Amino acid sequence: MAQCVQSVQEYIQDSFVPMVAVLCSEDAERVTRKNSLSFPELLRPFCRLTSEGHLRDPNNQVVVVKGLRISVTGINTRPPQTPEMQRLLSQAVSVCQPPEVSPANVITAGDYDLNISATTPWFETYRENFLQSMPASEHEFLNHYLACMLVVSSCEAVPTERFLKLSQEQHRIQHSGEYTHPKWFIPNTLKYYVLLHDISEGDEQRADSVYEDMKQRYGTQGCYLLKINSRSGSTGADEQMPDPWSQYLHKTSIHNPVSLNTLNLKYFLEVLTHPLQLDQPTDAGYPSNNASQSVNNVDMTRPQKQASVTSHTTPTPRGTCLTLNDHDHIRQFIQEFTFRGLLPHIEKNIRQLNDQLVSRKGLSRSLFSATKKLFGGGKVPEKSIAELKNTAGLLYPSEAPELQIRKMADLCFLVQHYELAYNCYHTAKKDFLSDQAMLYAAGALEMAAVAAFLQSGAPRPYPAHYMDTAIQTYRDVCKNMLLAERCCLLSAEILKSQTKYSDAATLLIKMTSEDSDLRSALLLEQAAHCFINMRGPMVRKFAFHMILAGHRFSKAGQKRHALRCYCQALQVYKGKGWALAEDHINFTIGRQSFTLRQPDNAVAAFRHILINDSKQSAVQQTAFLREYLYVYKSMSQVTGDGSLPQLPLPCLHSSQTRVFCGHERRLAEGEKQAATHVSLDQEFDRDLSQLWRELEERVVAVVNRGAVPITFQPSQCCLNSQTDNLRYPLAVVEEPIIVEVVFRNPLKVPLALSALCLLWKFTPKDFSDPQGSTAGETITNEKEAASLKEVRLLIARLKLLPHKTGELHVLGVVYNLDTGEVDNSEGSLAEDLMCVRGQQNLEIQGSRLNMTKEEKTSVTYGPDHRLDPIITPPMPLLEVFFINFPTGLLCGEIRKAWVEFVNMSAVPLTGLRVASTHPEFFTFGSAASDLTPVTPTAAEHCSAYKTVAMPPSVETVSLVSPAAFGVTSGDRPVVAEIPLSQGVLGPGEALQIPLWLRGPDREGVHEINFLFYYESTEKTAKLSHRVLRHTAFICASRSLSIRATASRSNTLHSRERETEERQEEEEKNGSMLVFVDVENINTSEAGVREFHIVQVSSSSRQWRLHKCINPVGDKDSKLASRERGKLCFKATRCRTEEATSEKYTFADLNLGNEQIVSSTTPCADFFFRRGLPSEPRRGGVSTGGASQMWRQSGTDDGVTNIVKKCSEVELDIIVLWKAYVVEDNKQLILEGQLHVALQTIGKEACSLSQKEETQEMVLLKFKPDIPPPVSKPSLEQLSHLIKTCLHYPESYDHPFPQKSLCMVPVTLTLSNCSLAQVDVIVDLRHKTTSPESLEVHGSFSWLGQTQYKLQLQAQEVYRLSLKACFFQAGVYNLGTPRVFAKLAQTSAMCETSQQSAMPALIIINSV
C-alpha cells in the first residue's frame, strides 16, 4: 500500500474516538454564528488534546492517554443513507487529485524504473470519511455518545432555566423511547454545562456571577464559562488571523491534500429532510426541531454547508470575531472538559462495569446462563442454527451481561487501555460464539485483533485470523459489507505496517465485488501498491492490478483516477513486447484524456497505437483510427490556433526523400527522341554517377585550359541518400523543384491522403542584380488524392516553383488524412468529420563522418542539405532532340542522324560542347565538311558519304591534316565543340545539325553516354555552367571480319616506266603486296542478305594503296552469309613531297562506279576517332592515342630497332561496304566502314581486337585468387552440384539444297542439386577435336551466345534455350557443352567442371 500521512496507531486511534453530543440554545448559536460557524464547528480544530491525560483502571493502575481526540457533533446529526453515502464518498474521492507537480518517486525493480505516486491521499480521504460516516450499531458502542454539552448564552434572561430545559430535552431524547437515534453509550450520560459569553456584547460581571451559581449547582467539574468574540467582525478586518477551520470545513483546492479531512460536514451535518431521503417521516427515530425547543446546530449550518459545496472560489471568512486568546480559551475549554469531566466519567463507568462482572466470576457458566434467563429477560426463544446465523436471529437486551462486557471493552479501548480491552473482547467473543450471535462475535473478534495489535510492547502477535473470521462473518453471514469493509481497511493497514504486503494484497483483492465500483477500485489500487512494495517487487502484478483499478474507477465515474492508474501501468507494459496490452492501455488513456478535455494527451496516446506495426485485426485498427481522427478533429476545432500538429500516419521515410531540380524531360515527338537527362524514375548508380563526374571534369578542364577550378562542384540534379549532400544544391529561379516523399502504411486498413503539399520556408536573397524579380513567392503545387493500401508504399512527388532568388528550406509535408473507407450512405458530411489535416516534418540525418581521428572515434553525422536548395538567378535551359537516331547498327555501319538543340529559357546560352565515353561512336563532322543536304527529310535516301562518279582505276590520293578533324598529338577528341551561329543560341531558338554514327566494332549492347555542356552569356557566381545528360543504347550486330597481311613485292618493273622505277629503286623495298581477307560473319540477324565491298582505302604517313590486282575487275565483291573473299592490292611508298609526319595520305580504290571520298566527313572522322587495338577502352573514358602506343613499344637496343624499322608498316586499311537489308518488304541499303591497322610485314592484322578474344578466354582459366582452404570439399563432391540434361528431337529433316544451314532448337536443363546458391558457367565453344569422334559423329556449331553465367537458387531448375547449326546431313553428338559450377558463397574458390551427360546423338536428314 502507498505511504500514509498518519501512522497505523494514529490512524486506528482517530478512527475510534469518544463521541460527544451538543445541544445549544438559540442565543448561543447566534453568538457562534458571528464567526460563520456552529458550536461544533467552532470546537472541531481544537478537539485533539496536546497534553497527556491519566486515569486509573480497576486494578488502580495508572493509564496514560496520549493524543486523545474527541468528536463533537450536534445531537441531531446522523449519517447519510447508503445511496447518499456512496454519492458523497465518490465526490470526496473525485475532488482529491494528486498535485500537478509532485516530487518524483522512482522505484527501480529489475529492468523497470517506475515513477509511482508515493502517497494516495484520495484513499485516505475515502477511508477517513467512510469510517466517520459509519452508522451507530446495536452490537458495539464505539460510536455511541458518552456525554452531552448543554450550551447556553450568558445573555439569556435566566440561563439556569435554559440549562434545565436543555437537560430535560436531552433526557427525553435518550430515555423516552421515542427515538432510536442517536445511540447513547450508558444510561447515565455525562451532562456538561457550558455558559457561552460574548465579550464584545455581553456583561462580563453578570456572566461571572452566573458561572459562580453554576459551579454551586453543577459542581466545578460539570460546568465551564467559555468567553469568545473578543473583537467585533469589522474591527481589525485588515489583520490576518489564522484560520484553523479551513482544513476541516472548506476545500481550498482539489489538489490540496490537507483538505482531505474536510468532508466530515457531508456525513455529520445532514438534516432530517435531505432531498434524497424519500419516504422518511420526521419522527423516524431522530429528534425533530420544534420551534419551542432548542435549535439543533445543523439547521443553522445548512446554508453554510451549501455555500461551501457550491462556491469554491470565494470562501466565507471564518473566526473573524476571534482572537488568538479566544483560540486559547477554546483549547483550554476542551482540555478542561476532557480531563475534569469526560475521563473521570469514563473511569467511573469502567469501575462500575468491572465490579458487576467481578461479582459474577464465582458462578459457573450454567448458573450464569440460568441467571441470564431468569433476570435477563429479552432474549428470543430457541431457534434453529440457520436462523441463529442470521444477523437478526439473536438480539441482546441492553442489560445483558455479554453487552456489559463489550461495553467495558469499548470504554477501555477509547481511553487506550488496550490490554484490558483485549481481555474483555476475548471474553465477550467466547460468549457470543457460544450463543451463535455471529454479528456480535464478529465485532468482538475485530476489536480484539485491533486491541492486540495496539498493545504496547507487543505481548502477543497480531491475530490476523481473527480479522479474517470477522470479515467472512460480516460479509457472508451478516451480509453487512460496510462492517466487512471497515474490518478490511483496518487489517490491511496493520498487515502493511508489519511488511506483510502479500497478505494485505490478498485481503484487499478479496473485498472487491460488483456492488461498489469505487470501493473495488480503491482496494485494487492499494493491492497494486502492496505488490510493488514487496521485498522482491512484483512489477507485472502491480501493473495488472492498476489496470483493474483503472477499469473500476472508470465504471465508478472517476475519470481522472482511472487515467492516472492506466498511465502508471503503462510504464510496465511500454516497449516490452506486450503489444495488445499496450494498445488497450493507450486506447483507454486516449478516451479518458479526451473525456477530461486533455486533447494533447489523447492524441499522443492514440498516436502510439498507430505508429507501431500493430498486431491488431483490421477491424480493431479501423476503430482505433476512427477514434484518433475524431479526437484529432475535435482538438483542432477547440484550439483553433491555426498550427498543424504532427500526424502519425502514414509512416514518412525521410531518408528516402529525393529532390529533383530542373524541368522534367520532355517525351519524344514523332521521330524526335529527347535526351534522357536525369529523372526521378531512374535508379541511382554510384559508378555511373562517378562516370558523369569524370566527363564533366574533362569538359570543365578543356574550357578552363586544362585545369579544373578549385571551386568546381559537379552538377547534381537529382539528390538522394547516396549522393553528396554536404553542399547546398543549386536550383534556378522559375524552374520547378520536385520533392519525392515516400509514405508507408503500417496498418491493415487503407488510408486516404488528399491535398498533399510541401511545408517550406523561403528567405529572399539577391545573388546578383535581379531584373524584375519582385513579384510573388514560392508557389506550392498540391498533389491529387492518393490511397495507401495495406502495407504498401506511396511515392508522392510534390512540386515547388520559385519566383525569386534566395534560400529555400523544405520543412515537411502537409496533407489531409482519412480512413479510406467509401460509405455513400453517410455522405460527404461523415467524410468531412473524419478527415483531418496535419503535417509531418522531413528530418534527414546526414551520413556519418569518418575523416578525422575525432570523427572516427565518435559517432558524428554531417549535414544533409538536399532539402535546402539555393535559388540562383535565371540560367539557360537546353533541350536536345535526336532525329532518326537508330537503336541497332551493324558493326562498323555508318548512319547519318540529326540532332536539334533548343534553348527553352529566356536567357541566351553559349559555349556548347559535348563529351562522351565513346568518342569513336559519333562525329559532327569537320569544319570544312560539306553539310548538304541541310534537312533530315532531304537526306532520307542519300548516302552518308561524299561520293563522286568514277570508274575503277588507279588510286585517288589526297593529303589530310588530323587537326582539321579535331585530332591533336594523336589523342582522340573526347570533348567536341558544337558550332553555334555567332557563338550564341538565343532564347527560344533551335539549331539542327547532322550527326554521323558508326556502329561499334564489338557486337552486343553498348551504352553510349553524352554530356552536353553549356554556359550563360552572363556569368554568375553561384552557377557557372549547366549540363545535360543523354544515354543511348545501341545493339551492334555482326557484319564483316577483315584480316589483312602485308608482304614484300618481288615483281620486276616494266620498261616504259623506267624513269619512275628508277626513282623508286632508290628506296629499298619500295612496294609491297597487301592481302585483304573479308569474311561475312553476319548470320542474317538483322535481315542482311549480302555485303558488297565497294571500296578499299588506305591512310598512312608513309604508304598508300596503288592499285587492285584482283582478277575480278570492275565488279563489286559480293559476300553472302558465311562467305569469304580475298582481295590483293599493291601498296607503294608515298612520294617525298607527300611523306610528312603531320599529314596523312588517303588513297581510294573503288571497286564499283562510285568513289567515296575517304578524306572527308564522315569517313576520315571515324578513322581519326578509331579505337586502336592496344588502347584500354574497356570501361571508362579512353585517354590513349597512336603516338602513346608507339612510345610505349620503344626499346633501347639499337640493332633491334633497325630490324624492327625494316619490317614496320604504318598502313591503315579502310574497307567500305554496303549491305542490302530486307525490312518490311522493302530493301534498304546500309553502308559502313571497317579499319585494319597493318603494323608489321608478315603479321596478320584483324579488324576485331585480339585482346577482346583473349579477354573472353581469360574467363576459362579458372585460377583461384587465393589458395583454397584445407577443409575444402573434394572435387568429386563439387562435380555433382549441377545436373544437366539436353532436350532435342531425335531426328530432324531439313532441305539442304534449298537452305544450306539447318538450325535445330535445343534446350539445356540445369538442375541445382544442392541447398545453396550456385554460380554456373556454361561454355558452348568446346568442340570435339579427336579424329575418331569426328569420323563417327561429325562437326556442327552452336549459334547465339556461346557462354553463359548464371546463378541458380537452392534446388532451382533452369532451362536454357540453344540453337545448333548443321551444314550437312549426318549423325551428331550434341553433348559438347561444358558446365562449370561453384558455391556462390565461396568467392575465392574456382569453378569445378561438372560431370558431363551421356552422348546425345541427333540424326539430321536431308529431304
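Just the heavy atoms: all of them, side chains too, but no hydrogens, waters or symmetry mates, feed the values below. Bear in mind that the values here come from a model prediction, so they are computed numbers and not experimental data.
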Tell me every residue that passes side chain to side chain donor-acceptor pair (under 3.5 Å) with [X], counting only those two or more places apart in sequence or in another chain.
{"X": "R206", "answer": "none"}
{"X": "E138", "answer": "K183"}
{"X": "Q352", "answer": "none"}

(request) Would you kindly say whether Q170 and Q174 are connected by a side-chain donor-acceptor distance under 3.5 Å? (result) yes
Results of side chain to side chain contact (heavy atoms under 4.5 Å, CB included) for [X] - residues two or more places apart only:
{"X": "A448", "answer": "Y422, Y425, Y466"}
{"X": "K34", "answer": "D198, S200, E201, N229, C321"}
{"X": "T160", "answer": "V158, D213, R217"}

Output all residues satisfying ring-ring contact (aromatic ring centres under 6.0 Å, His included) with [X], sequence neighbours left out; order by chain, then residue number.
{"X": "H144", "result": "F141"}
{"X": "Y193", "result": "F163, Y218"}
{"X": "F337", "result": "Y192"}
{"X": "Y211", "result": "none"}

(message) Let me confirm one number: the CZ-OH distance from R340 to Y224, rounded to the nearest 0.5 Å.
(response)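 Here the rounded value is 9.5 Å.
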(message) Quick check against the 3.5 Å criterion: does H197 have a side-chain atom that pairs as donor or acceptor with the backbone of S154?
(response)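 No, because the side chain of H197 does not come within donor-acceptor range (under 3.5 Å) of the backbone of S154.
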Tabulate below the donor-acceptor pairs under 3.5 Å that side-chain atoms of residues 57-65 make, not counting sequence neighbours, or state none.
{"unit_1": "D57", "atom_1": "OD1", "unit_2": "N59", "atom_2": "N", "d": "3.1"}
{"unit_1": "D57", "atom_1": "OD1", "unit_2": "N60", "atom_2": "N", "d": "2.9"}
{"unit_1": "D57", "atom_1": "OD1", "unit_2": "Q61", "atom_2": "N", "d": "2.5"}
{"unit_1": "D57", "atom_1": "OD2", "unit_2": "H417", "atom_2": "NE2", "d": "3.2"}

(message) Suppose the criterion is ring pair (Phe, Tyr, Trp, His ring centres under 6.0 Å): which pairs have a residue in residues 44-68, not counting sequence neighbours?
(response) F46-H327
(message) Could you check whether F185 and Y145 have their ring centres less than 6.0 Å apart?
(response)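 No - the distance between ring centres of Y145 and F185 does not fall below the 6.0 Å cut-off.
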(message) Assess whether a salt bridge exists between R351 and D355, defined as any Lys/Arg side-chain N lying under 4.0 Å from an Asp/Glu carboxylate O.
(response)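 A salt bridge is absent here (no side-chain N lies under 4.0 Å from a carboxylate O).
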